[in-house]
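To keep things clear, I will list the structure first and then write my remarks on it.
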Number of protein chains: 4
Amino acid sequence: MRDAVREESRAAYREAILAAAERTFGRLGFHDAKMADIAAEAGVAAGTVYNYFKNKDEVFASILQRGQERVLAIQDGHAEVADPLERTRLRLRDTFAFLEEHGVLFGMFVRLGGFTDFLQKRAVEDQCDRSYMEGVNRTQAMIREAVSCGQLRVDIAVEDLAAMLMGLCDATIFSWSRAGCPPGLPAKADTIVELFLRGAHAP
Amino acid sequence: MRDAVREESRAAYREAILAAAERTFGRLGFHDAKMADIAAEAGVAAGTVYNYFKNKDEVFASILQRGQERVLAIQDGHAEVADPLERTRLRLRDTFAFLEEHGVLFGMFVRLGGFTDFLQKRAVEDQCDRSYMEGVNRTQAMIREAVSCGQLRVDIAVEDLAAMLMGLCDATIFSWSRAGCPPGLPAKADTIVELFLRGAHAP
Amino acid sequence: MRDAVREESRAAYREAILAAAERTFGRLGFHDAKMADIAAEAGVAAGTVYNYFKNKDEVFASILQRGQERVLAIQDGHAEVADPLERTRLRLRDTFAFLEEHGVLFGMFVRLGGFTDFLQKRAVEDQCDRSYMEGVNRTQAMIREAVSCGQLRVDIAVEDLAAMLMGLCDATIFSWSRAGCPPGLPAKADTIVELFLRGAHAP
Amino acid sequence: MRDAVREESRAAYREAILAAAERTFGRLGFHDAKMADIAAEAGVAAGTVYNYFKNKDEVFASILQRGQERVLAIQDGHAEVADPLERTRLRLRDTFAFLEEHGVLFGMFVRLGGFTDFLQKRAVEDQCDRSYMEGVNRTQAMIREAVSCGQLRVDIAVEDLAAMLMGLCDATIFSWSRAGCPPGLPAKADTIVELFLRGAHAP
DNA sequence: TATGAATGAGTGTTCATTCAT
DNA sequence: CATGAATGAACACTCATTCAT
C-alpha cells in the first residue's frame, strides 16, 4: 500500500522530469540546457534529478528511449492492412499526427538525432544508434515486402530505397519545423508516399 | 610591399586556422573541440586564434561561410546546360565529389547543420540560416524552372518538391556517412534524380 | 513497562548504528564514509540515524567515546598488582588483545586519531582531546608512581617518559597494522615494556 | 632567453603554490582545504593551480614528495660518522631542527601521514607508501649495522627495534606538536637515543 | 518513530578569453 | 603580432540534512 503510493509518486516525478528535460533540451540544446534549468522547469531541486537519473547523459538518453518507444508503438499500428505501402502511409500519418501534437524537437531527437554533437558522447551513442537502426530495419523490411509484392522497382537497391523514403520523411519534418510547425503535417504523409511511388515527373 | 607580404601572411594564418578548425570540429563536434585543440592542430598558440577571430562562434561561422561559398561556387557550374534537371544532376555529382574529397562532416555542417545545438547560438544561427536558405532558394528556383518547362508535375507544391529533393540528398549523404564514407558517392546523384523523377513504383 | 521496552529498543538501534559506523569509518575513513553507507550497513534508513545522533560528527564522536570507555575499562583491570610497570604490562596485553579482537581501525581512532583531518572538526576535537588526554594522564600517573617506587630513572622528564611509552605502543600498533594485523599482538606488550625498561643496548 | 625566463617563472609559481598548499593543508586538513583556499593563499586564481597540477590529489602528493626529498637529503648527512647510533642521533637533531623551522604538519605528513583518510585515495597512497617505506628501510639498515657492530641486543627482532625507534620519534614530534611546538625540539633527539639505548630503568 | 525521497549549498574542475612579455 | 600562462565564471554532481508520510 505504502509502496504502491511511493511507486506512483516516483513514476510521476520521473515523468515530470523527463517532460521538463524534453522541453528544455528542445529549447536550448544539449549543452546549453543546464541541469538546473531542467530541474527548475520540472519544479524540483537540482539534486532531485539525480535521484532518478545517473547524470545528464542518462536524462537525455531516457528521452530518446521514451520517444523511440512511443513512435515505434505508433508504427506498430495498422498491422491488418495487407498492402505494405498503404500501411506505411497510414503509419506515417499517425506518426506525423503524434509529432504535431507533441512538439517537433522530440521527434527530431528520435529520428534525426544523427548529426548533433551529443552523438559524440559514448553514453548516448548506443541509444541513438539502436533507435536509428530500428527505424532503418523496419523501413528496409517494408521495402523488401513491397518489392516482393511487385510494387516497387528492383533496379534500385533496397538500402537506397529505404534511405530515400526516410530522407523524404526527414525533409518533410525539417521544413515543417522551419516553417514554424503549422497544422497539417499528417496530410504530408500522402504527398511523401505519392512522390516516393510516382516520382516528380510530369505525366 | 611590406603590407602585401603582411597581408599574405595574415591570410595564410587565417586559412591554416580555419582548416584546422574544420578538421577539429569535424572530429570532435562543436563543444568538445576546444580552442586549444584547434590552435594545436593549426600549429599556433591559443592566443593567436583570437588575433584572427573574435571568438569560438566566429571561427565556426567562418567555416560555415567558407564551406557555403565553396559549395555554391561548385553549384554555379554547368550553367550552359539548358535542361534544369540534368543541370541539377550534374551539379549534384560535382557537389558529392567535393564532399567525398573534403570530408563529410564539413559538408554536413554546410548543408545539414540544421539540428545541432550550436544552431542555438545566436552568433552562428544567422550564418547557418543564410546558408540554408540560399540552398532552399536555389532549389526552389530550379524546381520552378523545371515546372515551367513542363518537366515536373504541378499537383505538388513547389516548396514540397524542393524539400523532397533536398531530403533525398540529405538522406543520401547521411546514410553514406553512416556507412563509413565509401567511395562512389557521386554516382548516387543519378539515383537521386532518377528516383525523384520516376518514383519507386514498379513499371 | 512499555517504556522499558521502548528504551531497550532505542538502545539496540543506537548500538547497531554505532557498530555499523565503526566498521564503515574503519573501512572508508571519515570523509569517504557516507551517512547512507552507515545506515545501509546498520540496516536502517538514512533518516533513522538522525533520530539517534545529531549529525555525522556526533556519530563519529560517539564511536570515539564508546571506544575510549571500553579501553579505559580494560585498563582499569589488574588494580591488585602493586608493581606499576608489571601492572602496565598486563593492561597493555589486555588492550592489545582487545584491539586484535575488535579490529585495529577502531583502536587507532581511539588512541591514534590524532593526525587525521577530522580532528580539525571542532565538534570531535574535544572528544578526541579528552580521550587522548585521559590516556596521557593515566600514563603519566603511572610513570610518576614508578618513579617514586625508584623503578625509573629521574633524569628524564616524566612527560617525556610518558610520551615515549605511548609512542612505543603506537608504533607497535602501527607496524602491526601495516603488516596486516597478524595474530600475536598481545605478546608485543612484553617487548615494549622490556625495551622501555632496559633499552636496546647490548648488555 | 625567453624560455629561461619562462622556466624560472613557472618554477616560482609552482613553488608558491606548493608552499601555499602546505600551509593550507596543514591548517585545514585535506578535505577542508579547498582548492580556492590554496589558490588564494598562493595569491593566484583558482584555475592557475591546474596549470601546474593535474588535480588536488597531485598537489598533495607533490607536497609529500617534496617533503620526503628534503628530509631524506637531511638524513643523508653525517655520513662520515662511523658509529651508527651517533650518526642517527646527529641526523635526528638535524631533522628535528628542520621540522621546528618549517612547521610540523609538513613533517607529520612526511613521516606520519599514515592514518589519515587521504591515504584512502589511491593516487597518493603510493607516494605515501614509498615515503614511509624508505624511512623504514633506512632505519632497519641502520639497526642492522648497529647490531652487527655489537651495539644493540639481538634478542629483539630488527623490525621491532626499528619500529620502536621510529615510534619514539613520532611520539616526540606528536607531543611536541600538541604542546604548541615550543622551541627545543632538536634537543629531544638526545633523549630519544638515550632512552632507546639505555631504557627507562633506574640504574 | 522509521522511512526514503527532496533539498540545495558547496566544490573540484574546465576552458574561453585576456594580457603581459 | 605570437606566445602561453593567468584568469574566473560556470556547471555537473555529491551528500549531509530535513521532512512529509
Side-chain angles (χ1 to χ4, degrees), chain A residues 1-3 5-6 9-10 13-14 17 31-40 42-59, chain B residues 6 9-10 13 31-40 42-59, chain C residues 6 9-10 13 31-40 42-59, chain D residues 1-3 5-6 9-10 13-14 17 31-40 42-59:
Chain A
M1 184 66 159
R2 173 66 56 85
D3 285 358
V5 171
R6 276 264 155 79
S9 166
R10 279 195 73 79
Y13 263 98
R14 194 188 144 91
I17 291 168
H31 272 95
D32 288 337
K34 313 303 177 192
M35 290 300 264
D37 297 333
I38 295 172
V44 301
T48 302
V49 178
Y50 290 88
N51 288 335
Y52 294 88
F53 302 94
K54 195 159 45 112
N55 54 31
K56 194 178 176 181
D57 280 359
E58 204 188 275
V59 174
Chain B
R6 184 154 290 170
S9 166
R10 275 197 72 80
Y13 261 99
H31 272 95
D32 288 337
K34 315 301 178 193
M35 289 299 265
D37 297 331
I38 295 172
V44 301
T48 304
V49 178
Y50 289 86
N51 289 331
Y52 295 89
F53 302 95
K54 197 167 52 158
N55 54 29
K56 193 178 178 183
D57 282 357
E58 202 187 278
V59 175
Chain C
R6 184 154 291 170
S9 166
R10 276 197 73 80
Y13 262 99
H31 272 95
D32 287 338
K34 314 302 178 192
M35 289 299 264
D37 297 332
I38 295 172
V44 300
T48 303
V49 178
Y50 290 86
N51 289 332
Y52 295 88
F53 302 94
K54 197 167 52 160
N55 54 31
K56 192 179 178 181
D57 282 357
E58 202 188 278
V59 174
Chain D
M1 184 65 160
R2 172 68 56 87
D3 285 358
V5 171
R6 275 264 155 80
S9 167
R10 279 196 71 81
Y13 263 98
R14 195 189 144 91
I17 291 169
H31 272 95
D32 288 336
K34 313 302 178 193
M35 290 300 264
D37 297 333
I38 295 172
V44 300
T48 302
V49 179
Y50 290 87
N51 288 335
Y52 295 88
F53 303 94
K54 195 160 45 115
N55 53 32
K56 193 178 177 181
D57 280 359
E58 203 187 277
V59 174

Identify, between B:A46 and D:T48, the residue whose nearest nucleotide on DNA chain F lies closer to the 5' end.
B:A46
Whether A:K56 side chain and A:A33 backbone form a donor-acceptor pair below 3.5 Å
yes
Nearest-Å distance for atom pair NE2/P, residues C:H31 and E:dG12:
11 Å
Atom-to-atom span, CG of C:D57 to C1' of F:dC15 - whole angstrom
14 Å
Secondary structure of DNA chain E in dot-bracket form (Watson-Crick or G-U wobble, distances below 3.5 Å, | marking inter-strand pairs)
.||||||||||||||||||||
Grab the two heavy atoms, one from B:A39 and one from B:V49, that are nearest each other, plus how far apart they are.
CB-CG2, 3.9 Å
Min side-chain heavy-atom separation D:K54-D:V59 under 4.5 Å:
no
A:N55 to A:M35 - nearest heavy-atom pair and separation:
C-CE, 4.2 Å
Please report, rounded to the nearest Å, how far the P atom of F:dC1 is from the OH atom of B:Y52.
7 Å
Interatomic distance, C:K56 NZ vs F:dT17 C1' [rounded to whole Å]:
12 Å
Nucleotide F:dG4, atom P - distance to CZ of D:R6 in whole Å
6 Å
Along DNA chain E (nearest heavy atom to each residue), the more 5'-positioned of C:G47 and D:A36
C:G47
Kindly compute the distance separating CD (A:E58) from OH (A:Y50), expressed to the nearest 0.5 Å.
11.0 Å
If you measure from CD1 on C:I38 to OG1 on C:T48, what distance do you get to the nearest 0.5 Å?
13.0 Å
Does a nitrogen or oxygen in the side chain of D:R10 sit under 4.0 Å from OP1 or OP2 of F:dG4?
no
Length of the CG-C1' vector between B:N51 and E:dT21, whole Å
14 Å
So do the side chains of D:D32 and C:H31 get within less than 4.5 Å of each other, counting heavy atoms only?
yes
Taking for each residue the nucleotide of DNA chain F with the nearest heavy atom, is it A:A33 or C:M35 whose nucleotide lies nearer the 5' end?
A:A33
Would you mind telling me which residue lines up with the more 5' stretch of DNA chain E, C:V49 or A:A45, judged by nearest nucleotide?
C:V49
Side chain of B:N55 - closest among E:dT13, E:dA2, E:dT17
E:dT17
Once you apply a heavy-atom cut-off of 4.0 Å, does B:Y13 come out as touching a base, just sugar-phosphate, or nothing?
sugar-phosphate
What is the distance, rounded to the nearest whole Å, between atom CD1 of D:I17 and atom C1' of F:dA6?
10 Å
When rounded to whole Å, the OH to C1' distance for the pair C:Y50 and E:dG4 reads 13 Å
